[in-house]
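Notes for the one structure printed next.
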Amino acid sequence: MKAVGVVVEYNPFHNGHAFHLEETRKKSQADVVIAVMSGQFLQRGEPALLPKWVRAQMAVLAGVDLVIELPYQFATQKADTFAFGAISLLGAIGCDSVCFGSESGKIDDFWATLDFLESNKQEYDHKIKFHIDQGVSYPTALSRAFLELQPPESIVDLSKPNNILGFQYVKAIKDLNLDMEALTVSRTNANYHDEDFTSATIASATSIRKAMFAQSGTLEEIEPYVPKTTATLLHEYSRNYHQFHQWENYWTYLRFRILQASTEELKNIYEVDEGLENRVITAALEANSFYDFMTRMKTKRYTWTKLQRMCTHILTNTSTAEMRQRMSNPSYIRLLAMNDTGRLYLNKWKGQVPLPLVSKLSSFQQDDITLDVRASRIYALGASKEMQQALLEMEYKQPPIYITR
């Protein structure tokens with residue numbers, strides 16, 4: 001069985017994702033689509049709108065055959081580490097290809113960009129360091145350094161978010177020496193960061209979440225932009241759990257965590273660097289909401305995303321030592337959801353998969369999974385009080401979701 005991989009967050013699954021899946025099947029001619037999906041906290045340092053189990057269910061109902069989890073130590077990281085973890089897992093589970101969305105839409109340009117940067121690596125690194133020393137953020141330093149190299153026209157625009165991730169997927173394939181084909185689908189209608197609806201049927205996940213959390217927002221407002229199966233699960237979660245997850249749900253816990261810690265304890269947390277611990281404490285003392293806290297923290301040097309990832313690690317009490325110990329390579333594959341095709345693929349391939357397949361947490365004792373477990377415990381606190389226990393127990397009791405057609 002030929003398998004194609006996709007790297008996703010599905011926060012939530014929408015019509016743009018459905019288009020990507022359809023094109024992925026066409027381009028790859030694969031029998032199986034395998035999604036490696038972020039867990040409870042996401043790459044931009046946010047709690048997922050819905051738990052990983054619900055988003056995995058959305059994925060399978062919409063056409064993905066098998067969903068596996070991208071562990072916390074890769075999911076909540078800069079693009080290079082995020083991509084390395086995702087591609088490693090797709091390689092381990094036997095994917096022949098990976099297909100990603102991009103602003104470019106031309107896969108040859110990604111390989112050309114990789115060759116260009118590798119041949120100019122010393123100069124590129126020097127320019128990045130120069131701009132960081134000038135006090136700008138890491139992504140801005142990358143963008144400026146890239147433009148100063150005067151890349152030819154065939155080179156991918158690495159100021160665009162999906163191009164950045166796509167480049168890192170291609171780089172990871174090469175670095176891991178995988179026999180995996182890279183494919184790309186051009187993004188259509190909505191841009192990654194669009195905050196408003198600009199099309200009748202395709203909208204970014206950012207604009208969908210913004211509409212959901214608006215004061216006058218209703219789920220009905222977003223229904224044109226998501227498959228019916230997504231809309232049904234959103235309504236069901238809202239009815240059963242009473243609220244969706246966002247940073248403001250966790251502000252009290254984050255503030256407590258900051259204010260009860262010493263500066264030395266905060267310094268040991270992953271991504272609390274360059275003296276940020278003092279600024280964090282001052283901002284937490286003065287802020288009355290997560291948004292207020294973030295606006296007090298934000299500077300030219302630190303992006304909103306970088307600060308949110310830092311907050312995620314403070315909230316989950318994840319140290320630099322823990323993260324670095326677990327970032328070298330994924331050591332397990334956690335199964336979240338599948339259909340008949342996904343189950344058949346697993347049955348054919350499980351003897352050849354080099355990593356243990358985790359379907360029941362209670363029977364898996366490996367230490368590396370503790371970060372995922374801790375993240376799920378903290379994530380559960382973002383639900384309404386009467387439903388927190390149900391979410392806490394789900395991490396241990398929920399088997400992979402199996403959906404038959």
Side-chain angles (χ1 to χ4, degrees), residues 4-28 30 33-38 42-44 46 48-50 54-65 67 79 82 86 98-107 109-110 156-167 169 182-214 216-238 244-246 305:
V4 62
V6 291
V7 185
V8 302
E9 295 192 312
Y10 292 158
N11 191 40
F13 189 100
H14 56 65
N15 292 344
H17 297 133
F19 172 79
H20 173 234
L21 278 184
E22 185 181 337
E23 291 298 303
T24 292
R25 285 195 184 273
K26 285 180 190 173
K27 282 179 176 282
S28 66
V33 177
I34 300 174
V36 56
M37 188 186 78
S38 301
L42 308 179
Q43 200 257 337
R44 295 184 69 240
E46 298 171 317
L49 186 71
L50 300 145
V54 182
R55 289 180 291 120
Q57 192 176 350
M58 281 178 180
V60 175
L61 287 170
V64 174
D65 299 305
V67 184
F82 176 89
V98 62
C99 187
F100 55 87
S102 68
E103 290 85 4
S104 164
K106 297 177 183 177
I107 198 62
D109 290 356
F110 283 92
V156 170
D157 181 356
L158 290 183
S159 67
K160 305 285 188 183
N162 289 282
N163 283 349
I164 293 168
L165 279 171
F167 170 78
Y169 297 144
L183 306 165
T184 189
V185 174
S186 182
R187 282 185 67 90
T188 181
N189 292 326
N191 292 315
Y192 182 82
H193 291 302
D194 281 354
E195 294 192 6
D196 299 303
F197 298 143
T198 56
S199 157
T201 58
I202 302 284
S204 70
T206 301
S207 62
I208 289 170
R209 292 192 301 274
K210 182 183 175 185
M212 288 174 64
F213 288 120
S216 58
T218 65
L219 288 177
E220 286 73 18
E221 187 181 350
I222 68 160
E223 286 182 2
Y225 305 99
V226 300
K228 288 182 179 177
T229 48
T230 290
T232 298
L233 287 171
L234 286 169
H235 280 287
E236 190 177 291
Y237 193 81
S238 178
F244 297 105
H245 299 250
Q246 60 174 324
T305 296

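When a residue number appears, it is its place in the shown sequence, counting from 1.
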Contact check, side chains of [X] and [Y], non-hydrogen atoms, under 4.5 Å:
{"X": "Thr230", "Y": "Asn15", "answer": "no"}
{"X": "Glu46", "Y": "Glu9", "answer": "no"}
{"X": "Val33", "Y": "Leu21", "answer": "yes"}
{"X": "Ser207", "Y": "Tyr225", "answer": "no"}
{"X": "Phe244", "Y": "Phe213", "answer": "yes"}
{"X": "His20", "Y": "Cys99", "answer": "yes"}
{"X": "Gln57", "Y": "Leu233", "answer": "yes"}

Exercise. Taking it one step at a time, do Val6 and Thr24 satisfy side-chain contact (heavy atoms from CB on, under 4.5 Å)?
Worked result: CA-CA 8 Å; Val6 291; Thr24 292; 4.0 Å; yes

Exercise. With sequence neighbours left out, what residues match Glu223 under side chain to side chain donor-acceptor pair (under 3.5 Å)?
Worked result: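 Counting only residues at least two positions away or on another chain, Glu223 forms a side chain to side chain donor-acceptor pair (under 3.5 Å) with His235.
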
Where do [X] and [Y] come nearest, in terms of heavy atoms and distance?
{"X": "Asn163", "Y": "Ser104", "result": "OD1-N, 3.0 Å"}
{"X": "Ala211", "Y": "Ile222", "result": "CB-CG2, 3.9 Å"}
{"X": "Asn162", "Y": "Gly101", "result": "CB-O, 3.5 Å"}
{"X": "Ile107", "Y": "Ala182", "result": "CG1-O, 3.2 Å"}
{"X": "Pro12", "Y": "Arg209", "result": "CD-CG, 4.4 Å"}

When you measure from the side chain of [X] to the backbone N and O of [Y], does any donor-acceptor pair fall under 3.5 Å?
{"X": "Arg55", "Y": "Asn11", "value": "no"}
{"X": "Thr184", "Y": "Phe100", "value": "yes"}
{"X": "Ser238", "Y": "Leu234", "value": "no"}

For this session: Decide side-chain contact (heavy atoms from CB on, under 4.5 Å) for Thr232 and Leu61; before the verdict, give the C-alpha distance in whole Å, the side-chain angles of both, and the deciding distance to 0.1 Å.
Result: CA-CA 11 Å; Thr232 298; Leu61 287 170; over 6 Å; no

Problem set entry | Which residues share a ring-ring contact (aromatic ring centres under 6.0 Å, His included) with His14, sequence neighbours left out |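 For His14 the ring-ring contact (aromatic ring centres under 6.0 Å, His included) partners, ignoring immediate neighbours, are His17.
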
Exercise. Partners of Phe167 by ring-ring contact (aromatic ring centres under 6.0 Å, His included), sequence neighbours excluded?
Worked result: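 Checked Phe167 against ring-ring contact (aromatic ring centres under 6.0 Å, His included); zero matches.
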
For this session: Check step by step if side-chain contact (heavy atoms from CB on, under 4.5 Å) holds for Val64 and Val8.
Result: CA-CA 11 Å; Val64 174; Val8 302; over 6 Å; no

Seminar exercise, completed: Separation between OG (Ser102) and CG (Asp157), nearest 0.5 Å, reads 11.0 Å

Exercise. Phe82 and Gln43: side-chain contact (heavy atoms from CB on, under 4.5 Å), yes or no, with the steps?
Worked result: CA-CA 7 Å; Phe82 176 89; Gln43 200 257 337; 3.3 Å; yes

Exercise. Parallel, tilted or perpendicular: which fits the ring planes of His245 and Tyr237, with parallel below 30° and perpendicular above 60°?
Worked result: tilted

